[in-house]
S.K.: 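I have a structure I would like to understand better, so I am pasting it below and will then ask my questions one at a time.
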There are 4 protein chains.
Amino acid sequence: MRQNKILSSVKDENLVEKRRNQMIKGAITLFKEKGFHRTTTREIAKESGFSIGTLYEYIRTKEDVLFLVCDAIYQQVRERLEAAIDLKKPSVDNLENVIRSYFELMDDMQEEVIILYQEVKSMKKETREYVLQKERDMVGMLEEVIVSCVPADLAKQDVKLLANNIFVQGQMWGFRRWMLQKQFTLDEYIKRQTHYFMQALAIHKNTNDRRIDDGTSATV
Amino acid sequence: MRQNKILSSVKDENLVEKRRNQMIKGAITLFKEKGFHRTTTREIAKESGFSIGTLYEYIRTKEDVLFLVCDAIYQQVRERLEAAIDLKKPSVDNLENVIRSYFELMDDMQEEVIILYQEVKSMKKETREYVLQKERDMVGMLEEVIVSCVPADLAKQDVKLLANNIFVQGQMWGFRRWMLQKQFTLDEYIKRQTHYFMQALAIHKNTNDRRIDDGTSATV
Amino acid sequence: MRQNKILSSVKDENLVEKRRNQMIKGAITLFKEKGFHRTTTREIAKESGFSIGTLYEYIRTKEDVLFLVCDAIYQQVRERLEAAIDLKKPSVDNLENVIRSYFELMDDMQEEVIILYQEVKSMKKETREYVLQKERDMVGMLEEVIVSCVPADLAKQDVKLLANNIFVQGQMWGFRRWMLQKQFTLDEYIKRQTHYFMQALAIHKNTNDRRIDDGTSATV
Amino acid sequence: MRQNKILSSVKDENLVEKRRNQMIKGAITLFKEKGFHRTTTREIAKESGFSIGTLYEYIRTKEDVLFLVCDAIYQQVRERLEAAIDLKKPSVDNLENVIRSYFELMDDMQEEVIILYQEVKSMKKETREYVLQKERDMVGMLEEVIVSCVPADLAKQDVKLLANNIFVQGQMWGFRRWMLQKQFTLDEYIKRQTHYFMQALAIHKNTNDRRIDDGTSATV
DNA sequence: CATGAATGAGGGTTCATTCAT
DNA sequence: TATGAATGAACCCTCATTCAT
């Protein structure tokens with residue numbers, strides 16, 4: 001893991017990883033609840049199952065915890081996203097599946113994503129840059145999927161922007177849940193958004209009929 | 001203004017408004033720079049041009065400042081958005097104009113929007129609810145514009161979701177500027193996003209050609 | 001009144017007295033409720049019916065208010081005590097009446113007495129001394145009543161101590177009400193305490209001589 | 001000790017007791033000098049020999065210090081009072097000895113008692129109730145001594161009131177020292193007061209009958 | 001390696017007092 | 001005289017971080 005960016009005074013690497021995982025788990029629980037700023041290092045230590053002294057054997061700064069947490073979240077997103085992308089049979093259907101998987105993933109990780117959104121900006125420059133790169137990477141993955149799945153000769157800029165849009169709208173499902181999740185089921189949300197993406201990608205042919213579940217004859 | 005929700009021990013309402021405006025201005029400057037949590041009430045007072053004692057004559061809690069700031073931002077967004085919406089001649093062109101105005105507005109207010117995104121979640125429930133309502137209102141405004149401008153018989157859900165998408169993608173221009181503004185000019189961004197929206201709204205007729213500025217023949 | 005010890009920047013003496021009386025009334029109300037330290041000058045001003053600025057036209061320090069209040073309380077006690085003492089017909093019965101009147105007075109002024117007990121010690125030396133002198137005066141009044149009412153040739157020290165005891169037990173009725181007023185009615189309390197005082201006074205006819213640096217064989 | 005009512009974030013109970021004792025000692029010194037309200041938590045920390053941070057490891061609120069102090073004072077009074085009470089040979093002489101011991105105790109602890117008198121009323125309800133109970137307990141102890149030492153069949157109410165009076169007059173020796181200690185030596189004070197108490201107690205052999213819901217003809 | 005007591009800078013907030021109007 | 005906005009010292013308390021055991 002890229003945890004290595006963070007210095008620890010403990011030598012045993014396995015132990016470091018173990019403790020940090022405890023720490024990340026504990027911290028995420030707390031950050032979900034009260035956010036980074038309102039969470040105490042003491043609380044993190046306690047929730048992680050060890051003492052404040054021990055906590056500081058594995059990090060140097062409270063901000064290190066934030067970094068570790070964000071890093072872990074991105075890592076997890078990435079892993080699941082990678083698993084969902086099956087490049088062997090690139091096809092339009094596959095693209096839809098990837099989008100669906102990604103949205104479902106965002107649904108699972110709603111609260112983690114909120115952590116990212118709220119706290120990334122309060123990291124110090126260098127750390128933040130590292131974390132933002134992860135976002136770029138992930139958007140990049142979506143770009144690749146698009147390129148490989150869509151036959152049409154898409155403009156590069158469109159690919160980039162649509163990848164970005166997919167990425168964003170996935171996150172928004174959780175981030176704006178107070179609004180969206182009161183008006184849509186996850187499935188509805190996915191279907192509609194996917195539909196828009198497909199239109200933008202010039203794939204509008206035979207998909208009207210998919211709009212079944214709500215009588216809306218959305219004459220496209 | 002709805003500033004009135006916040007109690008002040010000063011009676012003169014004009015003065016209250018004046019001082020609070022100073023305060024909001026000062027606070028926004030600081031919040032942009034370091035975020036709410038890292039900003040001190042003392043700093044806010046100083047930046048606003050008065051003493052810490054005076055600050056507390058006009059608010060009760062540091063969180064009140066946050067509320068005032070968010071409220072002011074939404075207020076400003078709303079006003080400009082309302083000004084941009086001209087319902088007298090509802091037309092597809094008008095919709096495009098509104099979207100453009102809104103995106104330009106989001107460009108102007110990038111940093112303010114970042115404040116909203118980062119801090120709203122750290123407000124106490126009641127306050128947050130008040131602020132979220134503002135977002136709902138604004139999405140509602142976009143919904144109305146869509147309905148009145150688009151001739152097609154759109155599904156309610158599509159209207160809602162597309163209004164939401166417009167709203168979100170506008171905010172994202174600022175929020176994700178580290179990525180988007182390195183790859184697109186504002187004009188490009190607006191054009192492409194608008195194009196997608198129009199497609200989704202079933203308005204794809206004769207608009208391909210508009211894609212001039214970047215040779216991308218985006219064969220849709 | 002001895003209010004004059006406190007400087008005011010207002011010249012009109014009648015006005016000064018009027019305002020100060022408002023102030024004393026307001027302050028007592030508040031001090032009863034929350035004590036001197038927990039009461040704000042602003043609150044005092046408001047309760048008195050004028051502004052904080054006006055308050056400071058009539059005093060110089062918050063402590064001045066405390067002084068004024070204590071002074072007023074002692075004044076009131078003194079006046080009522082004086083009214084109760086009728087030296088024209090000094091007799092044992094009269095003594096009992098005075099005691100009863102004093103105890104009833106202490107019942108009426110319970111909360112005021114509590115103010116004295118709690119706050120006098122937190123005055124600055126000079127002010128406190130002035131106020132303590134009032135207590136001495138009042139004990140002195142009781143001494144005089146005893147001397148004039150009791151025929152027996154009492155030892156000076158006994159007079160002093162018994163006057164003190166009467167004074168104290170009167171105050172205690174209010175100060176220890178959480179205990180005493182749950183176990184006694186005022187009338188019971190007066191009767192019993194009076195009875196003890198009378199015993200202490202009456203017995204001396206035959207025991208004066210014992211009081212010589214105390215072989216004290218407590219001949220009961 | 002009942003210090004346990006106050007939470008500490010330090011686990012080691014011995015250390016907690018040690019530090020709290022330092023704290024109590026330091027605080028008493030300061031409270032004697034300037035009272036609770038005029039004493040700063042920082043001052044308490046400093047006087048106790050540790051930092052402000054450490055102080056707050058052992059308490060939660062400034063008021064906790066007050067509670068600890070009051071509790072400790074009562075504790076000490078109680079212990080010394082208990083030691084003075086020897087019920088094995090209950091006798092009138094024994095009663096006199098107890099009174100003397102108690103008064104001497106009050107002489108030793110004058111300033112501590114003043115703290116109690118001034119500050120108890122400014123505690124929050126729950127805390128105060130706890131502390132007042134201590135007073136009731138101590139008066140109760142005196143009641144027991146009276147009952148066991150005095151052969152006469154005393155009215156319950158007289159026992160209660162006289163126990164209260166003893167308790168109060170003991171405290172007054174310190175509380176009114178500015179008056180009493182200028183007019184009496186401790187020994188004189190004890191002898192005279194004791195004499196009055198004895199009269200009140202012994203006289204009842206022949207006056208029991210009066211004590212029937214008070215026709216009280218105060219046969220002096 | 002683990003612990004947790006100690007530290008103190010710094011944060012939010014209050015409130016007595018002043019002074020221009 | 002009366003007002004009340006302005007001031008800032010000072011208060012209580014928190015919490016990231018260190019270090020001796």
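Every heavy atom of this structure was used, including side-chain atoms; hydrogens, water molecules and symmetry mates were not. Chain letters run A, B, ... following the sequence lines, proteins first, then strands; residues in each count from 1. Values in this document were obtained by computation on a predicted structure and should not be read as measured data.
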S.K.: From the options F:dT7, E:dA6, E:dG12, select the nucleotide whose nearest atom is closest to the side chain of B:Ser51.
M.R.: F:dT7
S.K.: Does any donor atom in the side chain of B:Ser48 or B:Gln22 lie under 3.5 Å from an acceptor atom in the other side chain?
M.R.: no
S.K.: Which residue lies toward the 5' end of DNA chain F, D:Phe36 or C:Ser9, if each is placed at its nearest nucleotide?
M.R.: C:Ser9
S.K.: Please state how far atom NZ in C:Lys46 lies from atom C1' in F:dT3, giving the value in whole angstrom units.
M.R.: 15 Å
S.K.: How do D:Leu15 and B:Thr61 order along DNA chain E: which one's closest nucleotide is nearer the 5' end?
M.R.: D:Leu15
S.K.: Starting at CD of B:Glu43 and ending at C1' of E:dG10, how long is that distance when rounded to a whole Å?
M.R.: 11 Å
S.K.: Would a 4.5 Å heavy-atom cut-off, applied to side chains only, mark A:Thr127 and A:Lys124 as touching?
M.R.: yes
S.K.: Do C:Arg19 and C:Ser8 make a side-chain contact, defined as non-hydrogen atoms from C-beta onward lying under 4.5 Å apart?
M.R.: no
S.K.: So what's E:dT17 paired with, Watson-Crick or G-U wobble, going by both distances under 3.5 Å?
M.R.: F:dA6
S.K.: Across all strands shown, which nucleotide pairs with F:dT14 by Watson-Crick or G-U wobble geometry, both distances under 3.5 Å?
M.R.: E:dA9
S.K.: Are any of the side-chain heavy atoms of B:Tyr130 and B:Met123 separated by less than 4.5 Å?
M.R.: no
S.K.: Could you say whether A:Thr40 or B:Gly49 is positioned toward the 5' end of DNA chain F, judged by the nucleotide with the nearest heavy atom to each?
M.R.: B:Gly49
S.K.: Please report the distance, rounded to the nearest Å, between CD in B:Glu13 and C1' in F:dG4.
M.R.: 16 Å
S.K.: Between F:dA5, F:dA9, F:dA16, which one does the side chain of A:Tyr56 approach most closely?
M.R.: F:dA16
S.K.: Among F:dA5, F:dT1, E:dT7, which nucleotide has an atom closest to any side-chain atom of C:Lys11?
M.R.: F:dT1
S.K.: To the nearest angstrom, how far is D:Met23 atom CE from E:dA6 atom C1'?
M.R.: 15 Å
S.K.: At under 4.0 Å, does any side-chain N or O of C:Arg38 touch on OP1 or OP2 of E:dC15?
M.R.: no
S.K.: Taking side chain as C-beta onward, heavy atoms only, is A:Ile6 less than 4.5 Å from A:Arg20?
M.R.: yes
S.K.: Hey, does A:Arg42 reach any base, or is it just sugar-phosphate, or nothing, if we go heavy atoms under 4.0 Å?
M.R.: base
S.K.: Quickly work out the D:Phe50 CZ to F:dC13 P distance and round it to whole Å.
M.R.: 15 Å
S.K.: Start with the C-alpha distance between D:Lys18 and D:Asn21, add both sets of side-chain angles, then the distance that settles side-chain contact (heavy atoms from CB on, under 4.5 Å), and finish with yes or no.
M.R.: CA-CA 5 Å; D:Lys18 181 183 160 194; D:Asn21 286 337; 5.9 Å; no
S.K.: Closest to the C:Lys62 side chain: E:dA5, E:dT14, E:dT17?
M.R.: E:dT17
S.K.: Report yes if at least one side-chain N or O of A:Thr41 is closer than 4.0 Å to OP1 or OP2 of F:dA16; otherwise report no.
M.R.: yes
S.K.: Using a cut-off of 4.0 Å on non-hydrogen atoms, how would the nucleic acid contact of D:Ser8 be classed: base, sugar-phosphate, or nothing?
M.R.: nothing
S.K.: Which nucleotide wins on minimum distance to the side chain of B:Glu57, given the candidates F:dA6, E:dT18, E:dG4?
M.R.: F:dA6
S.K.: Measure from NE2 on D:His37 to P on F:dC11 and round the result to the nearest Å.
M.R.: 13 Å
S.K.: Nearest-nucleotide wise, let me know which of B:Ile59 and A:Leu55 is further upstream toward the 5' end of DNA chain E.
M.R.: A:Leu55
S.K.: In whole angstrom, give the distance that lies between atom CG of B:Asp64 and atom P of E:dG12.
M.R.: 13 Å
S.K.: Give a yes/no answer on whether the side chain of B:Thr54 brings an N or O atom under 4.0 Å of OP1 or OP2 in F:dT7.
M.R.: yes
S.K.: F:dC11 C1' sits how many Å from B:Ile52 CD1, rounded?
M.R.: 13 Å
S.K.: With respect to the side chain of D:Asp12, which nucleotide from E:dT18, E:dA5, E:dT13 is positioned closest?
M.R.: E:dA5
